[in-house]
There are 2 protein chains.
Amino acid sequence: MKITSRFTVAVHTLLVIYIFGKECKTTSDFIAASVQVNPVVIRRTLLSLKAAGMIDVKAGSGGASIIKDLKDITLYDVYKAVDAVENSNGGIFHFHENPNPHCPVGRNIHSVLDSHLADAQTAMENELKKITLYQLVAELNENL
Amino acid sequence: MKITSRFTVAVHTLLVIYIFGKECKTTSDFIAASVQVNPVVIRRTLLSLKAAGMIDVKAGSGGASIIKDLKDITLYDVYKAVDAVENSNGGIFHFHENPNPHCPVGRNIHSVLDSHLADAQTAMENELKKITLYQLVAELNENL
DNA sequence: TATAGCTGTAATTAAAAAGATTACAACAAG
DNA sequence: CTTGTTGTAATCTTTTTAATTACAGCTATA
């Protein structure tokens with residue numbers, strides 16, 4: 001089980017909008033062609049990014065544009081925007097669901113493990129906070 | 001998608017073996033009753049832990065016992081033992097599979113993102129290295 | 001040495017999760 | 001008013017994961 005590809009798709013999407021936004025109309029179809037997923041997947045991604053205040057999407061006429069400084073968008077922001085890990089659901093670790101409450105270990109396994117797993121997840125997320133899209137664009141340009 | 005429950009099951013399993021190992025014969029059925037999963041799941045877990053040199057399993061007569069100092073077993077060791085994240089498969093992040101090689105963004109998205117995602121995963125794993133099973137047992141005893 | 005209780009392991013089934021796809025109403029611009 | 005696009009629901013399909021069934025082989029013990 002993994003962190004949903006919505007995350008990498010969203011990063012890819014933002015980069016395409018940024019790189020091509022001036023020359024082309026970056027529609028869901030256009031972006032979908034670069035990411036190679038169904039355009040509906042991109043539309044849903046665009047909705048999330050819009051809700052997070054990162055982009056503007058023109059209904060009807062089409063096309064998306066970035067409305068936030070790339071220096072102020074970290075990978076973590078994107079990760080959160082697309083809800084890459086439903087935290088309603090306990091995070092990135094899949095816990096076995098029904099430990100036996102009549103067993104002293106089963107009864108306490110959650111209270112013993114949960115905080116450590118949460119710490120591990122937080123460490124990962126903090127790493128994502130260190131990288132901005134501005135950096136990614138710079139790295140991308142090196143490779144062009 | 002998440003990190004497989006094999007991991008939390010394995011931690012649970014080790015704790016049960018440690019706590020009950022002196023009074024009971026900790027068979028796969030016994031452990032399965034605490035974890036509340038199918039005994040076969042426990043047997044597979046035991047095989048992984050045995051291969052990692054953490055436990056000894058008696059074929060035939062039954063029962064498992066810990067053969068490594070709990071201070072020398074970290075959560076990371078267990079995580080690795082059960083192959084919680086197949087690293088053949090690129091780690092905990094699910095990357096969209098077919099970025100378009102004819103697009104400059106699609107062609108380079110991997111080279112730009114991969115190392116940052118790997119760093120994030122490593123940060124998470126390093127956090128798991130900080131916690132030993134010895135600590136968990138101590139925390140468990142506080143709750144008994 | 002017969003047997004009872006386990007482990008080791010393959011094969012299959014079932015369930016859950018995630019993404020892909022289809023479909024279509026609403027909208028904006030020419 | 002037509003064309004191209006977004007917003008969004010509904011429905012497959014695929015993939016992944018765990019559960020289950022089944023049984024051969026081992027080991028202690030009677």
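Reminder, nothing fancy here: chain letters follow the sequence lines and each chain counts from 1.
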To the nearest angstrom, the CD1-P distance between B/Ile42 and C/dT9 comes to 17 Å
Output the rounded distance in Å from CD1 (B/Ile3) to C1' (D/dA18).
17 Å
Determine whether a donor-acceptor pair (N or O, by modelled atom type, separation under 3.5 Å) exists between the side chain of B/Gln135 and the backbone of B/Thr132.
yes
Between A/Thr122 and A/Asp119, is there a side-chain donor-acceptor contact under 3.5 Å, judged purely by atom types and distance?
no
Specify the separation, in whole Å, of atom NE2 of A/His96 and atom P of C/dA15.
21 Å
Once base and sugar-phosphate atoms are separated, protein heavy atoms under 4.0 Å mark nucleotides 20-28 of chain C, 5' to 3', with B, S and - as BBBB---BS
Any ring-ring contact (aromatic ring centres under 6.0 Å, His included) pairs touching residues 38-80 of chain B, not counting sequence neighbours?
B/Phe7-B/Tyr79, B/Tyr76-B/Tyr79
Between A/His94 (NE2) and D/dT15 (P), how many Å, whole number?
20 Å
Which residues in residues 10-34 of chain A have a heavy atom closer than 4.0 Å to any atom of DNA chain C?
none
Indicate, with a heavy-atom threshold strictly under 4.0 Å, whether A/Leu47 touches base, sugar-phosphate, or nothing.
sugar-phosphate
Measuring from A/Ile55:CD1 to A/Ile67:CD1, what's the distance to the nearest 0.5 Å?
8.0 Å
Euclidean distance, atom CD1 of residue A/Ile55 to atom P of D/dT6 [Å, nearest integer]
10 Å
For B/Tyr18, enumerate each residue passing the ring-ring contact (aromatic ring centres under 6.0 Å, His included) test, keeping only those at least two apart in sequence or located in another chain.
none
List the residues meeting ring-ring contact (aromatic ring centres under 6.0 Å, His included) with A/His96, not counting sequence neighbours, and say none if there are none.
B/His12
Taking only the side-chain nitrogens and oxygens of B/Lys50, find out if one of them lies under 4.0 Å from OP1 or OP2 of C/dT7.
no
Side chain of B/Thr4 only, heavy atoms from C-beta on: which candidate in D/dT17, D/dG7, C/dG19 is closest?
D/dT17
Does the side chain of A/Leu117 come within less than 4.5 Å of B/Thr8's, by heavy atoms?
yes
Does B/Phe95 have any ring-ring contact (aromatic ring centres under 6.0 Å, His included) partners at least two apart in sequence or in another chain, and if so, which?
B/His110
Quickly work out the B/Leu49 CG to C/dG8 P distance and round it to whole Å.
11 Å
Donor + acceptor pair across side chains of B/His116, A/Glu139 (<3.5 Å)
yes
